[in-house]
Amino acid sequence: MNIRMILGHDGTRWIACNDSFTATGRTFADLDLQVASALRAESCENRSRVTVSMDFDFAAFPIWMRQYASHYFNRSITFDL
Amino acid sequence: MTVNRSWTSGMRDSEDWWAVWLGLIMFAAGLVSIGGVDLVGWMAKTKIWSDFGRSVAVSGKAYGDWNPLGALVMTYAVFTGLTCAGAKAMDLNVARFLKGWTVLFLITWAAWIIGHEAHLAAPVNKWDKYGITWGLSLGGGASYILALIVGLVIGNFFKPLAAFLSEAAKPEWFIKTAIVYLGIKVGLMTMEAAGFAFELALTGACATFVAYMLFWPIVYAAARRLFRLPRDWSAVLSSGISICGVSAAIATGGAIRARPVIAVMVSMLIVIYAMMELIILPGFYAGVAPDQPIVNGAAMGMTVKTDGADAAAGAILDELMRARASLEGINWEEGWILTASIMTKLWIDMFIGVWAFVLALIWVYHVERSPGQSTVGLSEVWFRFPKFVLGYVLCWFTYTGIALFWPDLIAAAKVGAGTVQSPMRKMMFMLTFVSMGVVTDFSKLRGMGRLALLYGLALIVVIAPVAYFVAWTFHHGMTPPLMGE
């Protein structure tokens, strides 16, 4: 199963969200743990493998910087639930 | 929300793509002159003047009966429409953009016209024509310098006005559009001196090697060992200083998944240092090595970060060096020094996506040691590729193709191309100068401490001297073709 999330950063924590849930973490390891536990809490118990694509929302950057680039990064992680 | 998910992401709403669209719209309009219709000749242009009433003219012969003021109004209307369409697509506040753009446009044209006053701009051999007995003979450089000064004064001493203009002050958007227009000029220049243009392109490729394989490791090592900066700060700063400024800092920050604040802080530093380089280097190079125009241009491309500052520095250098050479009776063709500067930079720009991809792999597999859990998509290379380069290359190759395959069309093609690559491109340069000044606030250097010191040291001790040595090795003795050759 593939799940898409929007990724951001509030200055302290990474924040990943979609319509179903929001996960946060000071590091990606923390974030990924939260995402995994949220997925387990949802109806994903019967799935063995889940790929979560996190696309960074470039709107998090100040407006003056957006003319220099329009992409920060996308990351993709795979869980065995 | 701005995320990149497919190869078409950003085509509608990113500044990079909008530089391509603004560039190609005028490129296409200019091409129509091949069919005998001049769609761009309404563009207003400045002329060297001693009588103010003759300071503005109409570009195209087909519009010769137009009042210059009418051409200026038409220029404002067309570019306001296009940029506001872009602003709307990019989700900017269009009302704020329109107000800011209008003021920027007025400041730009005022600086452009004043800078063409005969005492400032006229070459020595034209003093009689303008009825003057003394002058600075700065050519178009006077306008550029004036625009920069006005912008800097606003950005640093009239901050409420700078804030008002900020929605419209987009130096990177304007310069990327200008570089697409420059592709037309390079195409025309290639018609005349193909070997020279090819040599510039080839040595630009070598500059890429220097930036990525020489500058980056040296600066990174200095950041880690001498300044004890953390890995993420060191990597982002090294890319910003060594490669292509803010876009490289953002790309590297993303590649190594650094907190966005690192890229933001480093970018603020880059913008300020780029402005210092822009102020100092053109005059310095022109004064120290007046007989090495192409060396100076290429060195500028490797040294000055951000496309806007590099192109602006190249443009000032082009004007200053040609004005100085003309005092000795040498009249180099306009644009070659600028092209040396930009072509070097574009090569460096193009590989930032690949470099960021390599860094991402290194970080995932060696630094963070989390292979398999998190992956790096090859699509990241495309997302970080500077799209305006596509517009530049398309324009360049189209006009070179016309020269090669349909030489009979050259004269007609030059009618439209001449307007787009000269007055339109120069207006975008002028807008860049004013905007860069407006967005540069030197007070932001406060509190940057070790970062600012490292940046300054790396620039003076490593980047500038090595860049000049490399440029000299490849280009020494090369001079632009003489006018009329």
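All values reported here derive from a predicted model rather than from experimental measurement. Naming: A, B, ... by sequence-line order, numbering from 1 per chain.
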*Using non-hydrogen atoms only, which part of A/F61 is less than 4.5 Å away from chain B: side chain, backbone, both, or neither?*
side chain

Contacting region of [X] [heavy-atom separation from chain A under 4.5 Å]:
{"X": "B/M268", "answer": "both"}
{"X": "B/S14", "answer": "side chain"}
{"X": "B/V264", "answer": "both"}
{"X": "B/T306", "answer": "side chain"}
{"X": "B/A263", "answer": "both"}
{"X": "B/P386", "answer": "neither"}

Return the option, out of [options], with the maximum number of heavy-atom pairs under 4.5 Å with chain A.
{"options": "B/S247, B/P260, B/G10", "answer": "B/P260"}
{"options": "B/S9, B/S267, B/A255, B/A248", "answer": "B/S267"}
{"options": "B/G254, B/A258, B/A360", "answer": "B/G254"}
{"options": "B/S379, B/A169, B/G253", "answer": "B/G253"}

*Can you tell me if NZ on B/K159 sees more than 12 non-hydrogen neighbours from other groups inside 6.0 Å?*
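Yes, enclosed.
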
_Whether B/K176 and B/D349 form a salt bridge (side-chain N of Lys/Arg under 4.0 Å from carboxylate O of Asp/Glu) is what I want to check._
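Looking at B/K176 together with B/D349, the answer is no, because their closest N to O distance does not fall below 4.0 Å.
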
Between [Y] and [X], is there a side-chain heavy-atom distance shorter than 4.5 Å?
{"X": "B/L390", "Y": "B/W17", "result": "yes"}
{"X": "B/D441", "Y": "B/N156", "result": "yes"}
{"X": "A/L39", "Y": "A/V52", "result": "yes"}
{"X": "B/T252", "Y": "B/V266", "result": "no"}

*If the plane angle is over 60° it's perpendicular, under 30° parallel, otherwise tilted; pick one for A/W14 and A/F73.*
perpendicular

*asked:* Would you call the rings of B/F97 and B/W101 parallel, tilted or perpendicular, taking 30° and 60° as the class edges?
replied: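 Judged by the thresholds at 30° and 60°, the geometry between B/F97 and B/W101 is parallel.
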
